[in-house]
Structure formats: C-alpha cells, structure tokens
Amino acid sequence: MTKIRTRIAPSPTGFLHLGTARTALYSWAYARHYGGEFVLRIEDTDVARSSQDSVDQILQSMHWLGLNYDEGPIYQMQRLARYQTVIDQMLAAGTAYRCYCTPADLETMKAAQEARGDKRLYDRTWRPAPGKVLPPVPAGVQPVIRFANPVDGVVTWNDLVKGPISISNTEIDDLIIQRAPEEDAPEGTLGVPTYNFAVVVDDWDMAISHVFRGDEHINNTPWQINMYRALDAALPQFGHLPVILGDDGQKLSKRRGAVAVSNYDEAGYLPEAMNNYLARLGWSHGDDELFSLDQMVQWFDGTHLSKSPAQWDASKLAWVNAQHLKRMDDAALAQKVQPFLAKLGVAADDRLTAICGLFKDRCETLVVLAKWVSAFYTEVVPNPEEKAQHVSDAVKPALALLAEKLALCAWDKTSISAVIKDVLTSTGLKMPQIAMPVRVLVMGTAQTPSLDAVLALNKREKILECLQNA
Ligand code: GLU
C-alpha cells in the first residue's frame, strides 16, 4: 500500500478560514489515522494578494489548533524553477503550448462566442495540430503557456466524499498554466504558474496520496487529472468537502460573522473544542458529540463524510466549548486562562487553579472564566439590581454578625461553612437569605458556586471589606 500523505494548501491572502481549518483537520486526522504524513504548503502564487502577515496568521492558527505537520511550510514561489522544468518538458512533449493571444484577442473571442450563444472557451488558436499552420508570432507579445487538454472523452473519478463524478472534456478548455512574466521583468524572470498547474506538480512531487479540499474546487479537478495523465504521474484520490453554511443558510463569510480561526482563539474558545466542533461539521462517528483529537484520529478513516453542506451553529460551538472547559484539568485551565487575565490586567496567584476548578462548569469561554477569576483579584462592583433585591436592611445585622465571626475563624471551606451555619441558627434566617446578599457583595452577582467555596478562595480582608460595604 502506498504511504498515506495528505496536505493542506492555503493561499496566504488572509487569515485561516474555518472552512480551510476543517479541511486541514480532516487531512491531518486522515494522515494520523493511517500512520501517514501531513504536509503544509503555502500557495502564494497570487503574488499581488499574498502577504507574509497572512502566512504568519495561518501558521499561528495551525499551531493553535495543534495540527502539526511533518513537512513544510513549503512555499510555491520558491519552486518556480521546478515548475519551469515541468513546463519545458510539457512544451517538448506537446502537452503544453505557447499562446500569444492578447487580452484584446480574448475579449473579441469572448464577444463572438457570446453573440453565437456558444460556451466561453478558448478557441485553441495557438494549439499546434498536425497540418495546422499557426498564426505568425506577434512581435512584443510574451506568450502564456496553455495546457493541451484532451479535446474529447470524459474525466471520471470516484470522489471520497461525493462518490463518482464525471465531467466531459468538451466542457473544459486549454487552461493557462503559466502566466507571462511582467513586461518590465528582468531578463530570465520565470513566469508564475497558475493554481491548477502548480497544485498538480506539487501534489505529485510531494507524493500526496489523498487530496481533501472544499467542493468549490470540483471543477478544477478534471484539468488536474488530465495534467497528471499528461505527466504520467500517479493520481491521488480526491475528496471534496461540502461548504459550511452560516446560520442564515448562506455560505459562511466574513460579512456574516467570525470566520477566522484566530477570532475564536481571541474569543476564548479552546482548540480542543474548535477541532471537536469542526470535525462534526461534515463527519460523524455514531452519535458521539464530544471527543478529543486523539479519539478523532482513532476514528477518522475517511468514511462517514457527509455529502451535504453543514450549517454553522454558534450556540452549539459554545456548548461544545463549555463541555471541554468543564472536562479540562484545573491546572491546565489555569494556564489557558492566563492570557485572558493579562488582557484584564489581572495578576493571579496560587489560588488560580482552585478558582478555575470551581468556576469551570459555568463558563462558555475562557473570556467568561477570566471575568469570574478577576472578581477574586479586583474590586467588585455589585450588580445594582441584585444588590437592591438581596441586600435588604433586614439582612444587614446578619451580615454584620457573619463578618464578626469570619474575622476570627480559620480560613478554610469547612470552618467557613460552620460559621455560616452558626449565623443561620442564631438569626433564624434561611441559607439563601444570607448566601444571596453575600454573593452579590463579594462576586457582584448572586449566581455563583456554593458560598463557602467562594469565600474560602477569597482573601479574608477582602470579604470583611465587602460585607462592611453592605
Ligand atoms: N490554495 C487552494 C485554496 O486555498 C488550495 C486548493 C487545494 O487544496 O487544492 O483553495
């Protein structure tokens, strides 16, 4: 069996999009499942739109997701010489040819085709054929290189996701595979290849066995398959993943919400949860909703991929994140929340792990957890409505009594709990009548974990101060 090698090949024209992240996750998990290798390639041939900043963002997001690669990043713009070699071989073999049509020629061609109601395809003016006399080469025009696509027949492949797909060669034309160098480019400058050519040479050179990508590329695949054949290269298997729709049923896009992986990092999502959620957008393992990356690797064998588009559901993601937060080890969580505390200007101490443990089951994101944690380290302003509701005059003497006793007891949960019970007994109040106002004064809100635990994790002086402010 050939070695399983997969890749992700983002174009650095922006951040890592959620759709690309899902493709990366599937490609990665597939390689890991079969003990294969995963390659990261940066497809930067769109020179005008590519940027180092985008590369950095993409690498950062891949790192955050934990999708480690065995090779790469490999940059296409560093492989121009290799593409040139292949182009030269194809020119020599007659599977590619020079085309001197100017943009104006192509416009005229297009207008004539439209007038006739024909499909808009390049008319193969410059394609050599036995007995055909080519037009004279125009002076001063730098040619582009076109692929001599088979003129008839059908391209068929068995898509790993969509099943058998056939596209007739009469539907597709002779694709430009290499642009001409800029007119003012120095002598010897190599032309930049187009996506469909570079992707084939790369996947071939990098021995990619399985190509997963978005289904917007389905129409490119026949060209690519024809090029593999022209190059006598072994074909990879293709799997085209359906788009992810936004919660409005439209294609997920920047205009409709956060679509960059980095947005979710900043918003306090865990990479574990992100991977879990993305995994389920187009793949399933029975009814399993919550799983780790390790489990996914165990299960992800290329089956159970969905043919139909998945819908992004922000509240489901938040739920998945909450579940992962809840399952996370307290000390690990304390590490994860640190950057969010730093943003709030909070410097935590050795109570942090225990605080995370106490609050982790009520947070959807690390941002929310950081807000809870900050209540232990900053001055708390009670929510005015809750204060008015719970901190009544009737309860104030009891609060004063509590403060008195808390000033003297040992500072641990058991002792604090005993003090609270004492106060309840001597005042005849019920637990909520004391617990609610104290929570509001200490944490700002009455919706907190159990009072003794919250108090024990606070500093005694701070609690006494809060109670005095009743
Ligand atoms: N650079 C292409 C993209 O970002 C890669 C497509 C492919 O995987 O072949 O869509």
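Hydrogens, waters and symmetry mates are skipped; everything else that's a heavy atom, side chains included, is used. Quick note: residue numbers are just sequence positions, from 1.
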>> Show, in sequence, the C-alpha distance, side-chain angles and deciding distance for Thr303 and Asp301, and conclude whether the side-chain hydrogen bond (donor to acceptor under 3.5 Å, both in side chains) test is met.
In response: CA-CA 6 Å; Thr303 63; Asp301 60 3; 2.6 Å; yes

> Run the side chain to side chain contact (heavy atoms under 4.5 Å, CB included) check on Gln224 and Tyr195 step by step: do they pass?
Replying inline: CA-CA 10 Å; Gln224 296 180 16; Tyr195 156 70; 3.3 Å; yes

> So Asp123 and Thr125, side-chain hydrogen bond (donor to acceptor under 3.5 Å, both in side chains) or not? Walk me through it.
Replying inline: CA-CA 6 Å; Asp123 69 1; Thr125 302; 2.5 Å; yes

> Given the rule in the ring-ring contact (aromatic ring centres under 6.0 Å, His included) test, do His210 and Tyr34 qualify, once you have shown the distances and angles that lead to the verdict?
Replying inline: CA-CA 12 Å; His210 293 74; Tyr34 288 106; 7.5 Å; no

> Between Asp205 and Arg41, is a salt bridge (Lys or Arg N to Asp or Glu O under 4.0 Å) present by the stated rule, with each step listed?
Replying inline: CA-CA 12 Å; Asp205 284 355; Arg41 184 169 73 229; over 6 Å; no

>> Quick one, Tyr277 with Trp319, criterion ring-ring contact (aromatic ring centres under 6.0 Å, His included). Give me CA distance, side-chain angles, the key distance, then yes/no.
In response: CA-CA 10 Å; Tyr277 181 72; Trp319 178 80; over 10 Å; no

> Can you check side-chain hydrogen bond (donor to acceptor under 3.5 Å, both in side chains) on Asp44 and Gln76, steps first, answer last?
Replying inline: CA-CA 6 Å; Asp44 53 356; Gln76 289 191 321; over 6 Å; no

> For Thr102 and Asp105, what are the C-alpha separation, side-chain angles and deciding distance, and is it a side-chain hydrogen bond (donor to acceptor under 3.5 Å, both in side chains)?
Replying inline: CA-CA 5 Å; Thr102 60; Asp105 294 337; 3.2 Å; yes

> How far apart are the C-alpha atoms of Ile4 and His33, what are their side-chain angles, what is the distance that settles it, and do they pass the side chain to side chain contact (heavy atoms under 4.5 Å, CB included) test?
Replying inline: CA-CA 9 Å; Ile4 303 291; His33 177 84; over 6 Å; no

>> Evaluate Trp64 against Phe15 for ring-ring contact (aromatic ring centres under 6.0 Å, His included), listing each step before the verdict.
In response: CA-CA 13 Å; Trp64 181 72; Phe15 46 73; over 10 Å; no

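For the pair Asp215 and Pro242, the tightest heavy-atom approach, listed with the atom from each and the gap, is OD2-CA, 3.3 Å. When all heavy atoms of Gly191 and Gln84 are compared, the closest pair comes out as N-OE1, 4.3 Å. The two residues Met227 and Phe197 have their closest heavy-atom pair at SD-CD1, 3.9 Å. Closest approach of Ser27 to Phe38, counting heavy atoms only: CB-CE1, 3.7 Å. Among all heavy-atom pairs drawn from Gln142 and Ala180, the shortest one is CB-CB, 3.6 Å. Scanning both residues, Ile172 and Pro222, for their nearest heavy atoms gives CD1-CB, 3.8 Å.
Going from atom CG of Leu91 over to atom CD1 of Ile87 covers 6.5 Å, rounded to the nearest 0.5 Å. Of the inter-residue distances, the one linking Tyr69 atom OH with Arg7 atom CZ reads 16.0 Å to the nearest 0.5 angstrom. Atom CG of residue Leu65 and atom CD of residue Gln60 lie 10.0 Å apart, to the nearest 0.5 angstrom. Atom CZ in Arg79 sits 4.0 Å away from atom CE in Met206 (nearest 0.5 Å). How far CG of Leu106 is from SG of Cys99: 6.5 Å, rounded to the nearest 0.5 Å. Of the inter-residue distances, the one linking Asn219 atom CG with His240 atom NE2 reads 9.0 Å to the nearest 0.5 angstrom.
Around CD of Gln335, the count of heavy atoms belonging to other residues, nucleotides or ligands within 6.0 Å does not exceed 12. Summarising the local packing, NZ of Lys371 is surrounded by 12 or fewer heavy atoms from other residues, nucleotides or ligands at distances under 6.0 Å. Crowding of Arg120 atom CZ: a count of heavy atoms from other residues, nucleotides or ligands under 6.0 Å not exceeding 12. Shown here is Glu182, whose CD atom has no more than 12 heavy atoms of other residues, nucleotides or ligands within 6.0 Å. The environment of Asp232 atom CG is sparse: at most 12 non-hydrogen atoms of other residues, nucleotides or ligands sit within 6.0 angstrom. For CZ of Arg98, the number of neighbouring non-hydrogen atoms (other residues, nucleotides, ligands) closer than 6.0 Å is 12 at most. Heavy-atom contacts from other residues, nucleotides or ligands closer than 6.0 Å to CD of Gln52 number more than 12.
In this pair, Tyr26 and Phe300 present their aromatic rings tilted. The plane angle is within the 30 to 60° band. Using a 30° and 60° split on the angle between ring planes, His285 and Trp299 fall in the parallel class, below 30°.
By the 4.5 Å heavy-atom criterion applied to side chains, Lys162 and Trp157 are not counted as neighbours. Within the 4.5 Å cutoff, side-chain heavy atoms of Met328 are placed close to those of Glu272. Taking the side chain as every heavy atom from C-beta outward, Asn169 and Asp152 never approach each other to under 4.5 Å. With contacts defined as side-chain heavy-atom distances shorter than 4.5 Å, the pair Val367/Lys343 does not qualify. Leu67 has its side chain out of reach of Leu40: every pair of non-hydrogen atoms, C-beta onward, lies at least 4.5 Å apart. Side chains of Asn263 and Tyr269 form no contact here, defined as non-hydrogen atoms less than 4.5 Å apart. Residues Leu317 and Met274 form a side-chain contact, since some pair of their non-hydrogen atoms from C-beta on lies under 4.5 Å apart. Contact check for Leu235 versus Arg229: side-chain heavy atoms found under the 4.5 Å cut-off.
With hydrogens and angles disregarded, a donor-acceptor distance shorter than 3.5 Å links the side chain of Asn276 to the backbone of Glu289. For the pair Lys251 (side chain) and Val243 (backbone), a donor-acceptor distance under 3.5 Å is absent. The closest donor-acceptor contact from the side chain of Asp288 to the backbone of Ser284 lies at 3.5 Å or more, if one exists at all. With hydrogens and angles disregarded, no donor-acceptor distance shorter than 3.5 Å links the side chain of Tyr83 to the backbone of Asp202. Between the side chain of Arg351 and the main chain of Leu457, a donor-acceptor pair closer than 3.5 Å is present. Judged purely by atom type and a 3.5 angstrom limit, Asp174 uses its side chain to pair as donor or acceptor with the backbone of Asn149. Not a single donor-acceptor pair under 3.5 Å links the side chain of Ser306 to the backbone N or O of Gly282. Side-chain N or O atoms of Thr353 include none that pairs as donor or acceptor with a backbone N or O of Ala334 at under 3.5 Å. At distances below 3.5 Å, at least one donor-acceptor pair connects side-chain atoms of Gln113 with backbone N or O atoms of Leu121. A donor-acceptor pair is defined here as one N or O able to donate and one able to accept, closer than 3.5 Å; no such pair exists between the side chain of Arg124 and the backbone of Asp173.
Taking the charged nitrogens against the carboxylate oxygens, Asp70 and Arg32 do have a contact shorter than 4.0 Å, which makes a salt bridge.
A cation-pi arrangement is found for Arg146 relative to Tyr122, the charged atom lying closer than 6.0 Å to the ring centre and inside a 45° cone about the ring normal.
In this structure, Tyr264 has its ring center closer than 6.0 angstrom to the ring center of Trp312. Between Trp126 and Tyr100, the gap from one ring centroid to the other is short of 6.0 Å.
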